[in-house]
Amino acid sequence: MSEEIKQDQFEDKLIKANEILERLSDENISLEESVKLHKEGKKLLDEAAKILQNAKLVINEVGDEKDE
């Protein structure tokens, strides 16, 4: 279940980051709002990258166990 939750979290973060990207492409957005959204998007992508990195570590550990 934990892996399913992490997958959902990963996908949710990417969806939210994509929504932010769409909002940032609005030419009428204020500078203040664009900076706020940029920070939020960066945070979401950093969190998604951590989830992905942890998944890679788990895959590598499983692969190492099979080699033994």
Show me, pair by pair, the donor-acceptor contacts under 3.5 angstrom made by side chains of residues 50-59, not counting sequence neighbours?
unit_1 : atom_1 : unit_2 : atom_2 : d
Asn54  : ND2    : Lys50  : O      : 3.4

What's the shortest heavy-atom distance between Leu37 and Ile29, and which atoms?
CD1-CD1, 3.3 Å
For the residue pair Ala17 and Leu45, what are the closest heavy atoms and their distance?
CB-CD2, 3.7 Å
Does anything in residues 14-29 form a side chain to side chain donor-acceptor pair (under 3.5 Å)? List the pairs, not counting sequence neighbours.
Arg23-Glu33
Interatomic distance, CG@Leu44 vs CD1@Ile15, rounded to 0.5 Å, equals 11.5 Å
Reported NZ-to-CD1 distance for the pair Lys43 and Ile20, which is rounded to 0.5 angstrom
10.5 Å
